[in-house]
Amino acid sequence: MKAPDVKRISPEAAKALHHLVVEMVIRLNVVLKSAKIYEPNNLLFQRQVSFLLNLINKALSESGQAVFASRQSTLFFNNIRLKYGFANYHFFKFILEELKKKEIGGIRFEPGLSEADLKLFATLLAKTEEKPAQPFETLAAELKTRGISHIALEKILPSELAPSREKYAAKIFFLGITHLEEAFESENRQEKIKLSTTRRLMQSIFNHIVDNESFVQGLTNIKNFHEYTLNHSMNVCVLAIALGRRLGLDRNELVDLGISAFFHDFGKLDTPREILEKPSKLDDREREIIEKHPYQGAGKLVQFKEFKNLPLHAIHVALEHHVKEDRSGYPRSFKKQSVNLFSKIVKIVDFFDAITTKRVYRTKVFTREEALSLMLEQSGKEFHPLLLREFVKMMGVYPVGTLVALNTGELGLVVENNPEPSLLLRPKVKLITDSQGNKVDGDIIDLSQADPATNRYPRTIVKTLDPEKYNIRAADYLLALAE
Amino acid sequence: MESKKASYPGDSVSVDTIIDPAQLAKVKEILIVLANAVSAAKIFPSEHQTVVNFISDLEAKFKEYLDAYWKLELGIEERAFTFAGKKVYEDPHPVKSLPFFFFKDGMKTLYFYRGLEKEELVAFLETIKKVSQLPPEEGDIVNALWEKDLANIRYDAPDDFLETRIGVGKPPLELRVDREKLSSGRIDLAPEDLETTRSSTLAVEASVIKPAVESVGEGQEDIASEPVASDEKDMREIESLLLSNRRISPEEEYLNLIIEITYLEDRTEQFPAIADVLKQYHQEAVQKNDFKRAARLLLSLNEIGNASATKDEKKAAFLEALITEISQGSLIAELPDSLDFNRVEDIDSLLAYLKLIGPGAARSVAAVFEHSGDERHRRAALNILEEIGRQDSGLVMSLAQESRPALTREIIGLFSRRRDKRIVSYLAGFLRYRNKVIKLEAVKALGEIDDETAGKILIGFLSDEDEEVRTSAARALKPVQKAVLDHLLMLARHKSFKKKNRSEKGAILEAIARSSSDEACDLLRKTLKTSLFSSREKTEMAIVAASVLGKMITPAAEEALKDGAKSRSRRVREACLRALAEISARRNPLAPPGMNA
């Protein structure tokens, strides 16, 4: 089959096309969900298919082709990377997951596609009752058998199906801590820091976040590992990239943000350890010393031997990550009128990670849920309200790692949030005790899945619990999943 | 040609896959062209015909292949590319081999997909070229391709590779999990948690029933199409934040940052490092002709220095020394020669910067004056020179050169308006000049400065080859000193005096008359004496003398004129009478004409 010529289009037309394609993604989302619920002859379903076909035909007439490609958990349409806003993130996530389930790497719609064929294709794609060993092959065979033409499929890369990607994500996390430690050591020895490696690390973190955001976010439940500042910086880096992605930063910006977050506490190299680890409240002199670490860190970064490869934002973030939204905080600026966006992002995630981490000087450690509530109270004063709101949405009502009690008496740990806004209260949960309180290595349960026979949800979260109180380390369970 | 596909589009080929020899041949062809294209791209610019031809050829070969086979999956070994486990391209060169270029950065597989566009190929080649030109520790093809994010050129570079760059020689960090512990034992809820859990369980019973209608339902056909109004508002606000972030000028922001850091830093041992950063920034700004930033830097350093003066003397001293070093450094000294005025877009900023630099910028300011056609800029430049001249007149005067007549004239004018005696000695240098305009300006300046040396220099100008200069010098003289008067008298008595033109003679005689001395009066009286047979020149001199005496308004002058009014020469008589009338008129300015005669 000869590939059609791709029409060249102007930037304005490209923008309009992007808008059209995002509409298609959302519509496809609706079609597939309808296909899961309704029979093929359902009027509502048919109407959705008709809407989708119109959009596909419009894309075909404007661009000459209509090809969806999934590459490393990113959706492309006619070679254009699709960007989503935070309002439609869950639509994209759903489509990517559905494609991955069927091991589909690409779908090409061709001129002449009929509504009947599209409807049948959607029905086959949405089928979840059977889980064949070779889902792609099975689907491709079905399309052939049914005579569905004008839809061609491409198989996903084997590497994207590799098992235990969580294992590599965890590995990258710990490598990040090591890398930062090496950076600190290099700085002490006045040696070059390998920024190309840092950049590579951030790209890898980004790839893993795209692939499995929940798991990577869950890794930030690892606290006080090896050395607080290093572990903390890594957590801040991961959360910053995840939040930046939600906000719509492009991938290169996200790498810059990651690097900036990675080095945000670089100034602590010069803070005496006895002050950093003092078990009681700091006196005025000690407070004054510790409040110097932002500008001392910024000064260090400016003097990096590899400075020209360091994103400028990294210096902003190092300097400003303790400046509050109302411009209080520290350090007090001389002339600078504004705070950098990346600094505001890092401020949020830095604060969150800090107050959810047990420290010798901290009498109260907040659960993730409590931390988010506390931060919301400071919205506008300490944190940028919109950025904070998106962070809270990203973390979910029950952030990954939250210990929950279910109505069945079981206890579980949240391992993945449901991206669907209407199902935020129904995340995926790993069972860690049975209903009698006995610890188990339980299954991961999707609380949004109702029993088809009774139309009831078998399990519902009734309460969140403080894992510290029960000596539960969420990170252990998450890492166990990666093994 | 019938195209033979793999089992289905995009299916991976493995060592077990039976490959059509024709397909294999195509792969090899592609790789040969790719290698040639890379080599050409490294040598020639992208628009060079050789590169263009290779890219066209490559595009055609890829299109033919991908149309038939959907995807090209290449394995990467240290010195070879493989396809379905077979080596299809080898390059034994230890360092320059194309496979090694990808291999060294941990790439294992390279994929080219159907739909591959020419622009992507061009971008791919340019990326390879760019990375190959970087130092080894900076160049990373995986980083670069990741940033490019080409839709139809993808790769596999497993994360394991990072283990070769991070933590080498150290045991890897990992958190060991005791799975046994996770699934053995019990968790007994505390009474307060148990209580609230039980009561909450009862409360949620109603919600366990799944809603009959999911997010998609009748009459909700468009629920997926538009985000709600508040989401839209948030989206716009976030987009606005992102846009602002993207519009930041890196140079401007970096300047803001280093100013802040300089302001905040209080550790003396860090000052040298900060100084290096600031000097580096300054140098780069000047070299890029960004004088606005350079000026801002200096201004800020001044401000910080002032702010530090009361609370941190060491810092204040450091900043002062730094500003001095910047202002007097070689960069400034070389600036006039290195400045390319055709590339300086903002002369106002340049002048503002030079003003901040102070005396060290004098030559540069002069250069601005010379090159600028804008009167406003020239005026501004002169103002700066005037300011510099107040501190160091010699420095500014040294800028005055015969090759710069306009500037030199202005410089002389600056000092003469202030009657600045410091320039007197410099003005002597203009005696040697050929440029009349400069000499006239110098003469004018000397005349306005009340200084003995000025008078002596003016005498020098009395011998100038140009008559206008000589005349001006005479007019400028104030012969209060005897030496000056003696010289003038000598000139007037010399036989060559008669041959001078009228205005010069008049100027010399007027100069003599300004001394109001007896010798002056005596000379003038004698000069008035003529006979019927006096030469034309002598008569001319007498007329001039009469005119000069008329300006003296002294009794002796009046006496001499009355004597002269009796001269046998009618012209001399008339001249004397006119002079007398003038004297009378000056004495009685209100009398009607003729009354004073």
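Since the model is a prediction, treat every value here as computed from it, not as a measurement. A note on names: the letters A, B, ... follow the listed sequences, proteins ahead of strands, and every chain is numbered from 1. Only this structure's heavy atoms are used, side chains among them; waters, hydrogens and symmetry mates stay out.
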Please determine whether side-chain contact (heavy atoms from CB on, under 4.5 Å) holds for the pair B/Leu182 and A/Asp441, giving the CA-CA distance in whole Å, both sets of side-chain angles, and the decisive distance to 0.1 Å.
CA-CA 7 Å; B/Leu182 294 184; A/Asp441 183 6; over 6 Å; no
Side chain from CB out, backbone as N, CA, C, O: work out which of these in [X] comes under 4.5 Å of a heavy atom of chain A, or both, or neither.
| X | result |
| --- | --- |
| B/Arg198 | neither |
| B/Leu189 | both |
| B/Glu120 | side chain |
| B/Asp266 | both |
| B/Lys108 | neither |
| B/Val277 | side chain |
| B/Leu66 | neither |
| B/Ser184 | backbone |

Spacing of [atom1] belonging to [X] relative to [atom2] belonging to [Y], to within rounding of 0.5 Å:
| X | Y | atom1 | atom2 | result |
| --- | --- | --- | --- | --- |
| B/Trp146 | A/Met202 | CH2 | CE | 11.0 Å |
| A/Phe225 | B/Glu174 | CZ | CD | 8.0 Å |
| B/Asn245 | A/Leu249 | CG | CG | 7.0 Å |
| A/Leu312 | B/Leu257 | CG | CG | 5.5 Å |
| B/Glu195 | A/Lys463 | CD | NZ | 10.5 Å |
| B/Leu162 | A/Leu201 | CG | CG | 6.0 Å |

For the student: nearest non-hydrogen atoms of [X] and [Y], plus distance:
| X | Y | value |
| --- | --- | --- |
| A/Asn407 | B/Thr201 | O-CG2, 3.4 Å |
| A/Ser196 | B/Arg165 | OG-NH1, 4.4 Å |
| B/Tyr254 | A/Val302 | OH-CG1, 3.5 Å |
| B/Ile238 | A/Leu386 | CG1-CD2, 3.3 Å |
| A/Phe174 | B/Leu173 | CB-O, 3.4 Å |
| B/Arg154 | A/Phe76 | NH1-CZ, 3.7 Å |

Short N-O contact, [X] and [Y], less than 4.0 angstrom:
| X | Y | answer |
| --- | --- | --- |
| B/Glu303 | A/Lys335 | yes |
| A/Lys336 | B/Glu253 | yes |
| B/Lys181 | A/Asp476 | no |
| A/Arg200 | B/Asp105 | no |
| A/Arg389 | B/Asp234 | yes |

Considering only heavy atoms and a distance below 4.5 Å, find which of [options] pairs most often with chain B.
| options | result |
| --- | --- |
| A/Val440, A/Leu175, A/Leu479, A/Thr433 | A/Leu175 |
| A/Arg473, A/Glu181, A/Gln436 | A/Gln436 |
| A/His208, A/Glu320, A/Lys344, A/Arg332 | A/His208 |
| A/Asp466, A/Ile222, A/Leu411, A/Leu406 | A/Leu411 |
| A/Gly442, A/Gly176, A/Gly106, A/Ser333 | A/Ser333 |
| A/Gln337, A/Arg251, A/His226 | A/Arg251 |

Heavy-atom distances under 4.5 Å only: say whether [X] touches chain B with side chain, backbone, both or neither.
| X | value |
| --- | --- |
| A/His316 | both |
| A/Ile315 | both |
| A/Asn438 | both |
| A/Ala405 | side chain |
| A/Phe206 | side chain |
| A/Ile472 | side chain |
| A/Leu465 | side chain |
| A/Val255 | side chain |

Top contributor to chain A interface from [options] [non-hydrogen pairs under 4.5 Å]:
| options | answer |
| --- | --- |
| B/Asn152, B/Leu175, B/Asn143, B/Val177 | B/Asn143 |
| B/Gln280, B/Arg176, B/Glu237, B/Glu239 | B/Glu237 |
| B/Ile187, B/Ile261, B/Leu150, B/Asp160 | B/Ile187 |
| B/Ser244, B/Ala190, B/Gly106, B/Pro250 | B/Ala190 |
| B/Arg179, B/Arg186, B/Glu265 | B/Arg186 |

Got A/Asp250 and B/Asp149 here, is their nearest side-chain heavy-atom distance under 4.5 Å?
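A/Asp250 vs B/Asp149: side chains apart.
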Could you check whether any side-chain heavy atom of A/Gln296 comes within less than 4.5 Å of a side-chain heavy atom of B/Arg267, counting everything from C-beta outward?
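Contact flag for A/Gln296/B/Arg267 side chains = yes.
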Should B/Asp193 and A/Lys469 be marked as a side-chain contact (heavy atoms from CB on, under 4.5 Å) after you check the CA-CA gap, both sets of side-chain angles, and the distance that decides it?
CA-CA 11 Å; B/Asp193 286 336; A/Lys469 202 168 164 183; 3.0 Å; yes
For residues B/Asp159 and A/Ser204, is any side-chain donor paired with an opposing acceptor at under 3.5 Å?
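There is such a pair between these side chains.
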Take the angle between the ring planes of B/Tyr263 and A/Phe334 and call it parallel below 30°, perpendicular above 60°, tilted in between.
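Judged by the thresholds at 30° and 60°, the geometry between B/Tyr263 and A/Phe334 is parallel.
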Near B/Glu192 CD, under 6.0 Å, is it more than 12 heavy atoms from other residues, nucleotides or ligands?
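Buried by this count: over 12 neighbours within 6.0 Å.
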Are more than 12 heavy atoms from other residues, nucleotides or ligands located less than 6.0 Å from atom CG of A/Asn471?
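Not more than 12 within 6.0 Å, no.
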Kindly determine whether A/Glu154 and B/Arg114 satisfy side-chain contact (heavy atoms from CB on, under 4.5 Å), including the steps that lead there.
CA-CA 10 Å; A/Glu154 176 194 308; B/Arg114 185 169 165 177; 6.0 Å; no
Would you please test A/Gln303 and B/Gln270 for side-chain contact (heavy atoms from CB on, under 4.5 Å) and show each step?
CA-CA 11 Å; A/Gln303 293 169 52; B/Gln270 289 295 319; 3.5 Å; yes
